[in-house]
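All residue numbers refer to positions in the sequence shown, counting from 1. None of these values were measured; they are calculated from a predicted model.
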Amino acid sequence: MVEERISKNVAQLVKVQRARRKRPEPWSVEEACNFLENAQLWRDYLYCAYSLILVLGLRKGEVLGLTWSDVNLDTGELHIRHQLQRARRRLLHTDTAKTEASEAVLPLPDICLTALRLRQKEQQAAKERAEDLWTESDMVFTTRYGTRSSLGGRAGCHGWPARVIAVAVLRCCTHDRGPFT
């Protein structure tokens with residue numbers, strides 16, 4: 001047997017196509033409406049978040065980062081300036097959106113205005129129930145004690161798939177990045 005040195009790795013000459021990721025099928029308008037109607041019917045405290053995500057296409061972190069100073073209910077405008085992220089088991093409220101294109105002033109359709117006004121009333125009621133336990137903040141989405149909400153745990157994102165099953169539609173995918181979980 002003769003040993004020779006191979007000067008070229010022939011495996012590098014093979015061109016392999018990348019596997020294409022299957023894009024999820026978005027909800028129809030009817031499915032989205034059914035979902036929102038169901039959330040409203042069951043008085044889901046995340047109804048406003050669902051509305052903003054489905055109607056305006058906001059990311060979860062953008063919704064969670066909303067402050068009342070970002071929302072102008074009189075002019076019907078929403079400023080995307082912040083986002084809430086989880087890093088190393090801590091919640092970070094950043095002063096920048098995910099991308100420059102995300103930092104925008106968006107007009108609020110009536111369904112979103114109504115949902116935000118309802119959220120404001122719910123938050124005021126929670127503040128009254130919590131009394132001295134309430135932590136004052138400008139956040140739109142808070143816990144029942146006024147602290148920043150990650151929408152994690154039993155509530156929030158884990159509630160999304162259950163709500164989807166309740167209205168018999170597929171799991172929702174936002175921004176073609178996979179299931180909202």
| task | Look only at the side chain of Thr147 and the backbone of Thr143, and say whether a donor-acceptor pair between them is shorter than 3.5 Å. | result | no
| With side chains defined as the heavy atoms from C-beta onward, is the minimum distance between Leu106 and Glu77 less than 4.5 Å? | no
| query | Do Arg117 and Leu113 come within less than 4.5 Å of each other through their side chains, counting heavy atoms only? | reply | yes
| request: Answer with yes or no whether the hydrophobic clustering places Val140 together with Leu73; edges join I, L, V, M, F, W, Y residues whose side-chain heavy atoms lie under 4.5 Å apart. | output: yes
| said: Please give me the minimum heavy-atom distance between Cys48 and Phe141, naming the atom from each residue. | reply: SG-CZ, 3.8 Å
| field | Which atom of Gly65 lies closest to which atom of Asp70, heavy atoms considered | value | O-OD2, 4.0 Å
| message | Pairing donors with acceptors under 3.5 angstrom, does anything connect the side chains of Trp134 and Glu128? | response | no
| note | Looking only at heavy atoms, the pair that brings Thr142 and Ser137 closest together is CG2-OG, 3.7 Å
| Residue pair Lys127, Glu136: steps toward the side-chain contact (heavy atoms from CB on, under 4.5 Å) verdict | CA-CA 9 Å; Lys127 181 178 180 178; Glu136 203 60 51; 3.0 Å; yes
| query | When you measure from the side chain of Ser51 to the backbone N and O of Ala115, does any donor-acceptor pair fall under 3.5 Å? | reply | no
| query | Looking at side-chain heavy atoms only, is the closest gap between Arg119 and Trp68 below 4.5 Å? | reply | yes
| Got Arg59 and Glu62 here, is their nearest side-chain heavy-atom distance under 4.5 Å? | yes
| remark: Smallest heavy-atom separation, Ala130 atom then Tyr145 atom, equals CB-CD2, 4.0 Å
| field | Flag side-chain contact, heavy atom, 4.5 Å: Asn72 against Leu108 | value | no
| said: Contact between Leu54 and Trp27 at the side-chain level, heavy atoms closer than 4.5 Å - yes or no? | reply: yes
| query | Do you know which two heavy atoms are closest between Tyr47 and Leu36, and how far apart they sit? | reply | CE1-O, 3.4 Å
| query | Testing His79, Met139, Arg81 for side-chain contact (heavy atoms from CB on, under 4.5 Å) with Thr67, which one passes? | reply | Met139
| task | Find out whether Leu58 and Leu78 are in side-chain contact, i.e. whether some heavy atom of one side chain is under 4.5 Å from a heavy atom of the other. | result | yes
